[in-house]
Structure formats: C-alpha cells, structure tokens
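What you are looking at is a predicted structure, and each value in this text was computed from that prediction instead of being measured.
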Amino acid sequence: MTYFLDEATALEGTGPGTFRLQSAPTYWNMFGAFGGWIVASAVRAVLASDGARGNLVSVNAIFLASFKQEALIVTTQPLSRRARTDFWRVSIATEAAPTAPVFSADIVMSEGRETDLAYDTPLPDAPAPEGMKRTDLSAGPAWQQRYDQRLIKGRPFKAAERAYTLNWLREVDGRPLDAVGLAAISDTYMPRTFFLCDTLRMGSTVSFSLNVHATAAELAAIGDDFLLMDGDSDVVGAGMYDQRGRIWSRSGKVIAITNQIGFFK
C-alpha cells in the first residue's frame with residue numbers, strides 16, 4: 001500500500017546527496033507548505049543518502065523563507081562520522097534558485113547504546129481514543145486531513161488563560177510509524193496563538209527542533225496506533241511565541257520532544 005506521506009515525500013535522486021522533491025498540495029498549509037512535510041522530507045533525504053546509518057536522534061532546523069508550490073532541490077552533506085553517531089546537514093532550495101536555500105537542518109543519527117538508567121515523564125491522564133469522536137478539522141488546511149486527531153484539552157479560537165493542549169493523533173490512512181512519519185507529526189501542533197484568543201492569529205515557524213527518544217524498532221512496534229501529544233507555551237508576545245510539545249506512545253514512553261519559535265501578527 002502507498003501512503004499519503006510516502007507519496008508526498010518521494011525523492012528522485014539526481015546525484016550524490018542530491019534529490020528532487022515535487023510540491024505536495026495534500027500537505028499544504030493556508031499560506032504555504034506544512035512545516036512537518038518539509039522536516040519529514042529532510043529526514044527521508046538523509047536516510048536515502050549513501051552512508052546513512054543509525055536511528056534519528058535530533059533535528060535542528062530553520063525556515064528561511066516561505067514555500068510555494070514548485071519543485072525543490074534537497075541536498076544532504078555528511079559533516080562528521082563518529083564511532084556510533086553521524087552528523088548531517090540538509091539544505092532545501094527551489095529548483096528555480098538552487099543556490100538560495102529556503103530551509104536548512106542539522107540532523108543527528110546514532111546507533112545508540114544500552115544503559116541501566118531510564119526515566120520517562122509520566123503519561124498525562126487521558127480518556128482512551130476509542131471512546132472519543134474524531135475532531136472535525138475539515139475547515140482547516142489540507143494537511144490536517146491526513147491525520148485523525150481527537151482533542152482532549154484546548155480548543156482553537158476559544159480564548160484561554162494558558163495555551164495548553166492535549167490530544168490523540170494518528171495518520172488517517174494507517175501508515176505505520178517511523179522516523180519520517182514522526183518528523184511530520186511533530187509539527188502538527190497548532191500555533192499557540194490559536195488558544196489564547198477567539199480570532200485567527202496565524203503563526204509562522206522560524207526555528208524548529210525535534211529530539212527523538214525511540215529507536216526505529218520501537219517506532220515500528222507502535223505501528224499505526226494513536227500517539228498522545230501535549231503542547232504548551234511559556235511566552236507569547238511582541239509578535240513571537242515559543243511552542244513545545246511532548247509525544248507519548250500509548251504504553252507511556254516518551255518518544256519525542258519538540259520545540260519551536262514562531263512569529264505572528
């Protein structure tokens with residue numbers, strides 16, 4: 001079976017460490033590309049590059065410009081190779097201006113190691129997703145239709161004192177979880193401005209980070225099950241907000257933590 005995300009992040013190799021990426025209208029936002037699609041495409045490019053090894057550990061990215069529906073050039077560059085860990089840089093530019101990046105990310109891959117020390121922050125209290133209806137987000141951007149979301153706490157455009165949200169989420173077409181899918185999911189958090197006022201205050205991601213705390217095997221074991229996601233913010237003001245999120249498996253393991261800075265008007 002071909003899944004939505006795999007179609008949207010399909011890469012055409014054009015040379016060593018260089019790929020062509022077609023625009024993906026199904027992962028479009030209101031005024032540009034869904035950032036999760038861009039990050040997922042960057043992760044896929046590293047995994048498709050010669051010498052790639054290990055599990056995804058982290059992504060630190062900056063969005064340099066808005067994306068339009070046009071073909072993109074994705075370039076991967078290995079920066080350093082250690083005994084267990086590799087460091088990569090990914091740049092994305094438009095085909096029309098290949099030397100002017102619109103996105104850049106530093107990605108860490110590692111084979112990891114076993115230790116006798118382990119801790120996970122506790123899973124928040126939440127009703128089982130099977131007892132909840134899928135939240136109707138059909139009025140939102142195209143990418144939201146790629147996910148089955150069930151909101152528990154926080155409703156967009158309902159003013160609240162705190163920009164906290166809690167929800168279940170999984171890919172709507174049953175795609176099994178992997179590093180590419182997790183990268184996309186990590187940016188599904190709505191801008192925190194949506195939860196502090198009752199009017200539409202659009203946000204634009206400037207910097208983004210993702211830390212992954214699960215191996216490829218652990219992600220595969222989750223399959224197409226729901227993930228529990230909470231989102232929050234510490235500061236919103238002066239046209240800028242911070243946004244942080246934690247993602248759990250149903251079993252209670254933290255599989256990823258994400259942070260970003262966004263601008264708003």
Side-chain angles (χ1 to χ4, degrees), residues 1-24 26-27 33-65 67 70-113 143 171 175-187 205 207-220 222 255-258 260:
M1 178 177 179
T2 301
Y3 297 102
F4 292 127
L5 185 63
D6 294 325
E7 289 183 336
T9 58
L11 299 170
E12 175 190 352
T14 57
T18 306
F19 307 88
R20 189 173 189 268
L21 174 66
Q22 293 283 5
S23 177
T26 54
Y27 283 87
F34 166 48
W37 168 67
I38 299 297
V39 177
S41 298
V43 171
R44 185 177 292 284
V46 169
L47 294 173
S49 295
D50 291 341
R53 60 175 183 156
N55 300 297
L56 176 64
V57 172
S58 69
V59 179
N60 286 284
I62 50 176
F63 289 79
L64 302 168
F67 285 77
E70 57 187 319
L72 301 170
I73 299 298
V74 184
T75 304
T76 64
Q77 176 188 2
L79 299 178
S80 178
R81 184 179 177 93
R82 305 293 177 86
R84 293 176 176 269
T85 304
D86 296 337
F87 300 82
W88 295 80
R89 179 159 295 158
V90 181
S91 295
I92 300 181
T94 65
E95 196 170 50
T99 61
V102 293
F103 171 90
S104 179
D106 288 341
I107 295 180
V108 178
M109 306 286 294
S110 181
E111 296 179 344
R113 67 184 69 201
W143 68 262
E171 297 201 47
R175 183 184 185 277
L177 189 64
D178 62 4
V180 174
L182 181 60
I185 286 170
S186 68
D187 193 40
T205 302
S207 64
F208 170 93
S209 69
L210 169 66
N211 300 322
V212 179
H213 297 277
T215 64
E218 289 172 324
L219 296 179
I222 294 171
I255 63 170
I257 298 171
T258 179
Q260 63 178 271

Measure the spacing between [atom1] of [X] and [atom2] of [Y] and express it to the nearest 0.5 Å.
{"X": "Ser207", "Y": "Gln260", "atom1": "OG", "atom2": "CD", "result": "8.0 Å"}
{"X": "Asp178", "Y": "Tyr3", "atom1": "CG", "atom2": "OH", "result": "10.5 Å"}
{"X": "Thr14", "Y": "Phe19", "atom1": "OG1", "atom2": "CZ", "result": "8.0 Å"}
{"X": "Phe87", "Y": "Gln77", "atom1": "CZ", "atom2": "CD", "result": "14.0 Å"}
{"X": "Leu72", "Y": "Thr94", "atom1": "CG", "atom2": "OG1", "result": "7.0 Å"}
{"X": "Leu56", "Y": "His213", "atom1": "CG", "atom2": "NE2", "result": "11.0 Å"}

Can you give me the closest heavy-atom contact between [X] and [Y], atom names plus distance?
{"X": "Leu182", "Y": "Ala256", "result": "CD2-CB, 4.0 Å"}
{"X": "Asn55", "Y": "Glu111", "result": "ND2-O, 4.3 Å"}
{"X": "Glu171", "Y": "Leu5", "result": "OE1-CB, 4.0 Å"}
{"X": "Ala40", "Y": "Thr9", "result": "CB-CG2, 4.3 Å"}
{"X": "Gly51", "Y": "Arg81", "result": "O-NH1, 3.2 Å"}
{"X": "Ser41", "Y": "Leu11", "result": "O-CD1, 4.3 Å"}

With the side chain counted from C-beta on, respond yes when [X] and [Y] share a heavy-atom pair under 4.5 Å apart, and no when they do not.
{"X": "Arg89", "Y": "Thr76", "result": "no"}
{"X": "Ser23", "Y": "Phe67", "result": "no"}
{"X": "Val180", "Y": "Arg175", "result": "yes"}
{"X": "Ile38", "Y": "Val102", "result": "no"}
{"X": "Ile255", "Y": "Ile222", "result": "yes"}

N/O donor-acceptor pair under 3.5 Å between [X] side chain and [Y] backbone:
{"X": "Asp106", "Y": "Asn60", "value": "no"}
{"X": "Ser58", "Y": "Leu210", "value": "no"}
{"X": "Trp37", "Y": "Ala24", "value": "no"}
{"X": "Glu7", "Y": "Phe4", "value": "no"}
{"X": "Arg113", "Y": "Arg84", "value": "no"}

- Query: Can you say whether the rings of Tyr27 and Phe34 are parallel (under 30°), tilted (30 to 60°) or perpendicular (over 60°)?
  - Reply: parallel

- Message: Apply side-chain contact (heavy atoms from CB on, under 4.5 Å) to residues Val59 and Val39 and explain how you reach the verdict.
- Response: CA-CA 8 Å; Val59 179; Val39 177; 4.1 Å; yes

- Please test Val57 against Thr85 for side-chain contact (heavy atoms from CB on, under 4.5 Å), starting from the C-alpha separation and ending with a verdict. CA-CA 9 Å; Val57 172; Thr85 304; over 6 Å; no

- Show the numbers, then the answer: is there a side-chain contact (heavy atoms from CB on, under 4.5 Å) between Asp187 and Thr258? CA-CA 8 Å; Asp187 193 40; Thr258 179; over 6 Å; no

